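Read through the structure below, which is laid out as structure tokens, and then see the notes.
Source: prediction; values computed, not measured. For the numbers below, each heavy atom of this structure counts, side chains included, while hydrogens, waters and symmetry mates do not. A, B, ... follow the sequence lines: proteins, then strands. Residue 1 opens every chain.
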2 protein chains.
Amino acid sequence: MALEITKELLNNVEDMIQNQKDAALSELFADIHHADIAEVLDELSFDDAVYIIRLLDSETTSDVLMEVDEEVRENIFEQLSTKEIAEEIDELDTDDAADVIAELPEERKQEVIQQIEDREHAKEIVELLRYDEDSAGGLMAKELVKVNENWNVLTCVKQMRQQAEYVTRVHSIYVIDDEGKLKGRLSLKDLLMASTRAKISDVYIPNVDFVNVNDKAEEVANIMRKYDLEAIPVIDELGVLVGRITIDDIVDVIKEEAEKDYQLAAGITQDVDSEDSIWDLTKARLPWLFLGLIGGVGAFLIMEGFHESFSENAVLFFFTPLIAAMAGNVGVQSSAIIVQGLANDDVKGSIKNRLIKEMLLAALNGFMLALVLFAFIWGYSGEVQKAFAISVSLIVVIIVAGLIGTFIPLFLHKRGIDPAIATGPFITTSNDIFGILIYFTIAKMIIGF
Amino acid sequence: MALEITKELLNNVEDMIQNQKDAALSELFADIHHADIAEVLDELSFDDAVYIIRLLDSETTSDVLMEVDEEVRENIFEQLSTKEIAEEIDELDTDDAADVIAELPEERKQEVIQQIEDREHAKEIVELLRYDEDSAGGLMAKELVKVNENWNVLTCVKQMRQQAEYVTRVHSIYVIDDEGKLKGRLSLKDLLMASTRAKISDVYIPNVDFVNVNDKAEEVANIMRKYDLEAIPVIDELGVLVGRITIDDIVDVIKEEAEKDYQLAAGITQDVDSEDSIWDLTKARLPWLFLGLIGGVGAFLIMEGFHESFSENAVLFFFTPLIAAMAGNVGVQSSAIIVQGLANDDVKGSIKNRLIKEMLLAALNGFMLALVLFAFIWGYSGEVQKAFAISVSLIVVIIVAGLIGTFIPLFLHKRGIDPAIATGPFITTSNDIFGILIYFTIAKMIIGF
């Protein structure tokens, strides 16, 4: 069912391009879904990809261009003229068109926009470009079917047939008033079942979910997921219907958000995947590793600061990795739960209550772990005081790590910063430092060195 | 638009329940979306929730029951009789009905199934229960609209009006042959535009995406996301159309998969969120923390094994947290990229090539970090040999950590085990141990103690 990209297929395609077997190529690609064509292009050289783009008709290639890797698309566009790019834009839905133009370098943007044949289309795209890409306005498309509440069903169906030609998927037909304000919706099913002479105003459902142009993408995703919606109308500050977001875009948003959070938690700063070049992967991974290095140096300096007590208290130093590791693990767990809760809008109640809950949880977990550790150290070394010092430090370190892991994401969130930044290496490195500092301080107090 | 669950609202509801103001309650809930009613029930006591469920009609409450927290649903069902549960099941779509019944304890399952009024419905549910819950069969619903290829459009529309009464959302109308095998599809839009006398076999689109009952849920999600589908038909081993999966269920699958991977990477073993009890959170978090504790003890034992060299080589021990932290960070990054790549089906090529790529990447990153570290240690302590030993160890440790982080998920994946298990604390703990062991071994070789 899905096309399998085999080495054989790719070699075939590359040969045909080499020998300019255009008819054969067109025939081959005619039956392949554009998402699969895009996968093929991802594997070809940029020149070969451009060859295919120029060969196939714009209706197909515009869809293909939306599906190829961002890097491949960038390179293809570099080789296409602004006229050729404009031709592709003409075929795209407004939301995709806006996304594509936003990716272009500044100088080319203007040129491309001016060469778009359908001026109405160009006007809509320019409107969409004004919105923040992470908002409902940045996600929406202008393509939708709307009918006036004063029409009857017959007129509605006629209008619909005209408008629907441009709309890929009609879910709901939106009902507006004379000022363009959203009043309600109709489903195709309702329309099929209604009498042709009925008035729209008697038939439509006034209860319609909607979002505002300025709502955040993640918020829109949560609403559509909660109410099982497949499309949602977008209104502006005046209540005027200005666009529509469909579930396929939201599915991508959900996937991309999840991947971004996952990568941040692993300390990867850019959107990379396993197929990227070593250079790109390095650029994404090195920054956080460097942060970890600095943290490690910080740990070294702290330990060195306590080094006079070394000879009699070597065992303390041998347990430093354990303390640091536990601080890191607890911090990561706490921050992950909070970040996920914030993303799902699950986090209610005051910050104070949450910190208290985390403190109790950490104290409980810390106590159980410290008990086990105490038993081990005492049994292994026979030194009760040291076992006690290390175990007590463990509890304190775990409580502090849990509080840091809970508090920092909440703090960032309240300031409007993505809390997912405070996961992964950021948390583990800072918790390592705090953990080791607290550890030695408490051990010093208990043992007295 | 979305209902805001205020303390005021909850108190109101609780009061009305207390005073059995049924009419007022029914009126209040009449205008609220079932997903919002579910949120209210999540905040009420179980007794109050059961009161509301018994008060409202089954058509509403069945939808509400699908949206409440699993724990709340479990408790509500414990208080309902099997007859009452069967009444709810009668109102649910087959996929939701099967999910709900699967959650019940064994003894109750049979009783409930036998009390379902609509025997056809019961039969379909039993069929669905046979499938693995993580497969297409486990996700699909039996509710769909299908027409025979030999009919004409008029018959089709008549049939559709009958069948569509039971189908919440009609996307495509599936076309089958006399044996029930899937032949193609029609969209409502096509149907509206076609002449009533045309034959279905002339009008339908033979090119239809589908999945098999045994395909994995994640695979289905990838296909629907790739081809921007809103619903996909499911066929059995004979090619017979047996069910349909809609995008809203896939959106939930994508979200749940992402959350599961994220939590595994943070070392949380069960599906918990910030609102759960301290006890549930402890059960989910403690196991991995305990693993970290064991790892820390392992690190202690390794360092203790080298302790004779302590006095002259204290600085080595002070850098142990740095080495362990870097090993952990690199391992987490590597495993995250691989796990994400495997989930998105991006990982191609041989394992050998991938390990070589990771080795080069780790060597490159490790070298740059080691250079900085060397400069620091030399500048700070003046001891060239020790600086060299520690820096070289860092490079080796990073390479090994990267290889472990890349190899283990791939290995698990090939064995059919979820690679996401090998992220988070599992990787950091094992890399800590390996890292410290390699570190001291190399340092010993270079410095010669």
| field | For chain A, the option from B:P425, B:G328, B:A314 that forms the most heavy-atom pairs under 4.5 Å | value | B:A314
| field | Step-by-step side chain to side chain contact (heavy atoms under 4.5 Å, CB included) determination, B:E219 to B:V211 | value | CA-CA 9 Å; B:E219 181 60 32; B:V211 287; over 6 Å; no
| request: Could you tell me whether the side chain of B:V339 reaches within less than 4.5 Å of the side chain of B:L264, counting heavy atoms only? | output: no
| said: Could you check whether any side-chain heavy atom of B:L410 comes within less than 4.5 Å of a side-chain heavy atom of B:L342, counting everything from C-beta outward? | reply: yes
| field | Side chain to side chain, B:K255 and B:E259, heavy atoms closer than 4.5 Å | value | yes
| Under a 4.5 Å heavy-atom cutoff, which of A:Y380, A:F290, A:F317 has the most pairs with chain B? | A:Y380
| message | Closer than 4.0 angstrom, basic N to acidic O: yes or no for B:R225 and A:D248? | response | no
| request: Could you check if a side-chain atom of A:L360 sits within less than 4.5 angstrom of a side-chain atom of A:K357, using non-hydrogen atoms only? | output: no
| note | Taken in chain and number order and not counting sequence neighbours, the residues that satisfy side-chain hydrogen bond (donor to acceptor under 3.5 Å, both in side chains) with B:E67 are none
| note | Comparing A:I337, A:L286, A:L293 against chain B, the one with the most heavy-atom pairs below 4.5 Å turns out to be A:L293
| message | So for A:D261, is it side chain, backbone, both, or neither that comes closer than 4.5 Å to the heavy atoms of chain B? | response | both
| Highest number of heavy-atom pairs under 4.5 Å with chain A: which of B:S334, B:G331, B:A265? | B:S334
| Considering only heavy atoms, which portion of B:I436 lies under 4.5 Å from any heavy atom of chain A: side chain, backbone, both, or neither? | side chain
| said: Please classify the contact between B:V297 and chain A as side chain, backbone, both or neither, with a heavy-atom cut-off of under 4.5 Å. | reply: both
| So which of A:I377, A:I302, A:L301 has the biggest tally of heavy-atom pairs under 4.5 Å with chain B? | A:L301
| task | Side-chain contact test, heavy atoms from C-beta onward, threshold under 4.5 Å: evaluate it for A:W288 versus B:N329 and give yes or no. | result | no
| task | Heavy-atom distances under 4.5 Å only: say whether A:N365 touches chain B with side chain, backbone, both or neither. | result | both
| Validation row: A:V330, A:N431 side chains within 4.5 angstrom (heavy atoms) | no
| Given a strict heavy-atom distance threshold of 4.5 Å, which part of B:D228 is in contact with chain A: side chain, backbone, both, or neither? | both
| said: A side-chain contact here means heavy atoms from C-beta on lying under 4.5 Å apart; do A:Y227 and A:I232 qualify? | reply: no
| said: At a heavy-atom distance under 4.5 Å, which candidate from B:I338, B:V372, B:T320 has the highest pair count against chain A? | reply: B:V372
| task | Look at the side chain of B:D42 and the backbone N and O of B:D69, then say whether any donor-acceptor pair between them is shorter than 3.5 Å. | result | yes
| request: Please state whether the side chain, the backbone, both or neither of B:E358 comes within less than 4.5 Å of a heavy atom of chain A. | output: side chain
| Heavy-atom proximity to chain B below 4.5 Å, by part of A:L394 | side chain
| task | Tell me, for A:M224 versus chain B, whether the close heavy atoms (under 4.5 Å) come from the side chain, the backbone, both or neither. | result | neither
| request: Mind checking salt bridge (charged side-chain N to carboxylate O under 4.0 Å, His left out) for B:D280 and listing every partner two or more places apart, or none if nothing turns up? | output: B:K283
| request: Take the angle between the ring planes of B:F376 and B:F319 and call it parallel below 30°, perpendicular above 60°, tilted in between. | output: perpendicular
| said: Is B:T428 in contact with chain A via its backbone, its side chain, both, or neither, using a 4.5 Å heavy-atom distance? | reply: side chain
| task | Among A:R285, A:E304, A:H33, single out the residue with the greatest number of heavy-atom pairs under 4.5 Å to chain B. | result | A:R285
| In terms of heavy-atom proximity below 4.5 Å to chain B, should A:I247 be classed as side chain, backbone, both, or neither? | side chain
| request: Between chain B and each of A:V332, A:L369, A:L373, count heavy-atom pairs under 4.5 Å; write down the option with the most. | output: A:L369
| note | Ranking A:A299, A:P321, A:G341 by heavy-atom pairs under 4.5 Å to chain B gives rank one to A:P321
| said: Counting only non-hydrogen atoms closer than 4.5 Å, does A:L281 touch chain B with its backbone (N, CA, C, O), its side chain (CB onward), both, or neither? | reply: both
| field | Contact winner vs chain A - B:A336, B:A362, B:A258, heavy-atom pairs under 4.5 Å | value | B:A336
| query | What part of A:T423 is in contact with chain B, defined as an atom under 4.5 angstrom from a non-hydrogen atom: side chain, backbone, both or neither? | reply | side chain
